Amino acid sequence: MTPDLVVVGSGFFGLTIAERCARERGLKVLVIDQRSHIGGNAYSEAEPTTGIEVHRYGAHLFHTSVDRVWEYVTRFTTFTDYRHRVYSTVRGEVYPMPINLGTINQFFRAAYTPGQARELVREQAGELAGTDPENLNDKGIQLIGRPLYEAFFKGYTAKQWQTDPKDLPASIISRLPVRYTYDNRYFNDTYEGLPTDGYTAWLERMADHPNIEVRLGTDFFDASQPINKAAVVGQVPVVYTGPIDRYFDYAEGELSWRTLDFEQEVLDVGDFQGTPVMNYADEDVPYTRIHEFRHFHPERQYPDDATVIMREYSRFARRGDEPYYPVNTAADREALLRYRELTKQERGVVFGGRLGTYKYLDMHMAIGSALSTYDNVLPDVLG
Ligand code: FDA
């Protein structure tokens with residue numbers, strides 16, 4: 001087919017654009033992706049020996065308070081009533097997260113009321129009152145006091161960044177969540193759940209339209225492919241959701257990212273940790289958390305003598321690693337501004353999504369941003 005629009009990247013941003021353009025405008029849309037599967041980082045697959053759905057690029061929990069996004073996504077999937085909760089192992093003891101009254105009372109072996117707990121945290125945070133912390137460590141102490149910061153955040157942050165928090169800028173955090181109730185629901189959004197038939201079924205339904213062709217294993221920068229940057233830009237409108245620095249061949253420098261390494265294991269027990277996500281806050285445990293996927297879908301019939309776990313390790317990304325979270329240093333922000341200037345000269349190309357804008361986006365944000373790009377930006381490009 002000769003496409004009316006080329007979409008680079010089959011993640012939620014790209015598929016939302018493709019679906020809207022095909023269904024609403026009747027355009028022929030060619031979606032290319034360098035990976036061998038659809039869906040970007042939200043892709044999931046059944047672990048072959050157990051059938052347990054595994055999120056290949058890290059746990060994905062859907063949540064939103066945006067009615068328009070919820071109305072849109074529920075055209076393609078129903079959702080379970082899963083509510084995300086996280087626990088953290090600290091010095092051999094398990095606590096509920098985010099820090100709440102239950103965590104505080106367990107940690108201090110106390111029965112504080114909300115008011116007493118608030119007063120205690122205020123007092124402990126007072127250690128650095130009146131100072132202007134330059135590093136993350138001091139900022140953490142100033143926000144929630146030394147005991148809670150050192151137990152729950154210090155080691156965890158050091159592992160996330162592979163850097164002593166004393167050497168990280170205070171600007172990385174503006175607040176650390178503490179709740180003075182026993183509510184340990186992780187998200188506060190109006191809508192939350194997991195796609196009943198899994199992420200890949202949802203993503204495939206978005207692409208299931210006669211006007212949409214998805215071509216996998218196709219890198220936009222591979223000149224040997226018929227659809228590539230040199231052949232397409234200026235000829236056919238393009239929505240590009242790959243890394244913005246890569247598009248310009250890193251002319252303004254490489255933007256920095258953190259990546260994750262995942263270690264997946266099938267264990268011959270029916271239940272390894274009793275919960276989907278367990279954080280490990282101590283610095284001497286090398287991983288940051290363990291996911292146990294069966295617990296995301298308690299409603300499914302999974303085997304009772306096997307389970308799938310995934311240990312997660314965090315580090316700075318090198319070229320070739322999966323870029324997961326923007327580091328966003330001052331140098332990155334300056335380079336991004338220069339890249340944004342360059343995008344203005346790329347007529348007929350729209351940059352979007354997590355990689356195309358160098359911004360961490362939750363799924364609902366990527367979808368919401370694609371819907372508004374479809375409304376407000378694409379009409380100019382498509383004519
Ligand atoms: P996404 O990265 O999904 O897709 C971009 C696609 O472009 C990829 O498939 C890539 O292969 C392709 N591409 C790049 N360069 C290319 C090239 N040169 N040629 C062809 N194709 C190319 N959100 C949430 O709501 N709840 C959650 O729990 C989580 N959890 C989570 C965990 C981790 C570890 C991460 C990193 C992210 C999350 N997210 C999340 C965020 C979620 O993954 C994110 O919102 C979506 O992936 C964004 O979709 P995009 O389409 O923008 O990018």
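Here the structure is a predicted model, which means the values were calculated and not measured. Read the numbers this way: they start at 1 and go in the same order the structure lists the ligands and their atoms. Residues: numbered from 1 along the sequence shown.
For atom 51 (O) of ligand 1, the nearest non-hydrogen atom of the protein is F13 N, 3.0 Å. Counting protein heavy atoms only, atom 36 (C) of ligand 1 is closest to Y324 CD2, 3.2 Å. In terms of protein heavy-atom proximity, atom 49 (O) of ligand 1 is closest to F12 N, 3.8 Å. In this structure, the protein non-hydrogen atom closest to atom 39 (N) of ligand 1 is Y360 OH, 3.1 Å. For atom 48 (C) of ligand 1, the closest non-hydrogen atom of the protein is A366 CB, 3.7 Å. Atom 45 (O) of ligand 1 has its closest protein heavy atom at L361 O, 2.5 Å. Atom 18 (N) of ligand 1 has D219 OD1, 3.0 Å as its closest protein atom, hydrogens excluded (heavy atom only). The protein heavy atom nearest to atom 30 (N) of ligand 1 is A59 O, 2.9 Å.
For the pair F62 and ligand 1, no heavy-atom separation below 4.0 Å is found.
Less than 4.0 angstrom separates some heavy atom of Y325 from each of these atoms of ligand 1: 32 (C), 33 (C), 34 (C). Atoms of ligand 1 lying under 4.0 Å from any heavy atom of Y57, numbered from 1 in the order shown and given with element: 33 (C), 34 (C). Residue G40 approaches ligand 1 through these ligand atoms, each under 4.0 Å from one of its heavy atoms: 3 (O), 4 (O), 8 (C), 9 (O). Close approach to G242 involves these atoms of ligand 1, each under 4.0 Å from a residue heavy atom: 14 (C), 15 (N). Within ligand 1, counting atoms from 1 as listed, the ones closer than 4.0 Å to a heavy atom of G9 are 6 (C), 7 (O), 12 (C). Close approach to R35 involves these atoms of ligand 1, each under 4.0 Å from a residue heavy atom: 9 (O), 11 (O). Taking a cut-off of under 4.0 Å to the non-hydrogen atoms of G353, the atoms of ligand 1 that pass are 52 (O). Counting atoms of ligand 1 from 1 in the listed order, those under 4.0 Å from a heavy atom of F221 are 18 (N).
Side-chain polar atoms of N328 and Y358 form no donor-acceptor pair below 3.5 angstrom. Q264 and E47 share no donor-acceptor pair across their side chains, judged by distance under 3.5 Å alone. In the model, R35 has a side-chain atom that pairs as donor or acceptor with a side-chain atom of N41 under 3.5 Å. D33 and S10 form a side-chain donor-acceptor contact under 3.5 Å, judged by distance and modelled atom types alone. Looking at E312 and H291, their side chains do bring a donor and an acceptor atom within 3.5 Å of each other. With hydrogens and angles left out, the side-chain atoms of N105 and Y182 include a donor and acceptor closer than 3.5 Å. Judged purely by distance below 3.5 Å, without hydrogens or angles, the side chains of R258 and S314 pair a donor atom with an acceptor atom. Side-chain contact annotation: H295 with D271, donor-acceptor N/O pair under 3.5 Å present. Side-chain contact check for D261 and Y287: no donor-acceptor pair (N or O, by modelled atom type) lies under 3.5 Å. Side-chain atoms of D189 and S65 form a donor-acceptor pair, as typed in the model, at a separation below 3.5 Å.
Among the atoms of M363, some N or O lies under 3.5 angstrom from an N or O of ligand 1. In terms of N/O distances under 3.5 Å, ligand 1 is approached by F220. Among the atoms of D33, some N or O lies under 3.5 angstrom from an N or O of ligand 1. Residue L260 has no N or O atom closer than 3.5 Å to an N or O atom of ligand 1. Where the criterion is an N or O separation shorter than 3.5 Å, residue side chain and backbone included, S10 fails it with respect to ligand 1. Backbone and side-chain nitrogen or oxygen atoms of D362 are examined, and one is located within less than 3.5 angstrom of a nitrogen or oxygen of ligand 1. For the pair V8 and ligand 1, the shortest N or O to N or O distance does not fall below 3.5 Å.
Here atom 27 (C) of ligand 1 lies nearest to L61 when heavy atoms of T16, L61, T357 are compared. Among I227, N41, T64, T259, the residue whose heavy atom lies closest to atom 3 (O) of ligand 1 is N41. Selection from H364, H60, H55 by nearest heavy atom to atom 31 (C) of ligand 1 gives H60. Of the options R354, Q34, R258, the smallest heavy-atom separation from atom 17 (C) of ligand 1 is shown by Q34.
Sorted by first and then second residue, the side-chain hydrogen bond (donor to acceptor under 3.5 Å, both in side chains) pairs involving residues 231-257 (not counting sequence neighbours) are Y247-E346, E252-R338, E254-R319, S256-D332.
By the 4.0 Å N-to-carboxylate-O rule, R68 lies too far from E71 to be salt-bridged with it. Salt-bridge annotation for D197 and R205: present, with a side-chain N of the basic residue lying under 4.0 Å from a carboxylate O of the acidic one.
Counting only distance, with no hydrogens or angles, the side chain of R294 and the backbone of E292 share no donor-acceptor pair below 3.5 Å.
Of all the heavy atoms of P243, the ones lying under 4.0 Å from any atom of ligand 1 belong exclusively to the side chain. The backbone of T218, and not its side chain, has at least one atom closer than 4.0 Å to an atom of ligand 1 (non-hydrogen atoms only; backbone = N, CA, C, O).
Once rounded to the nearest 0.5 Å, the distance linking CG of N135 with CD1 of I172 reads 10.5 Å. In this structure, the separation between NE2 on H37 and CG on L216 is 8.5 Å, given to the nearest 0.5 Å.
In this structure, R354 is not positioned above the aromatic face of Y57 in the sense of NZ or CZ being under 6.0 Å from the six-membered ring centre and within 45° of the axis.
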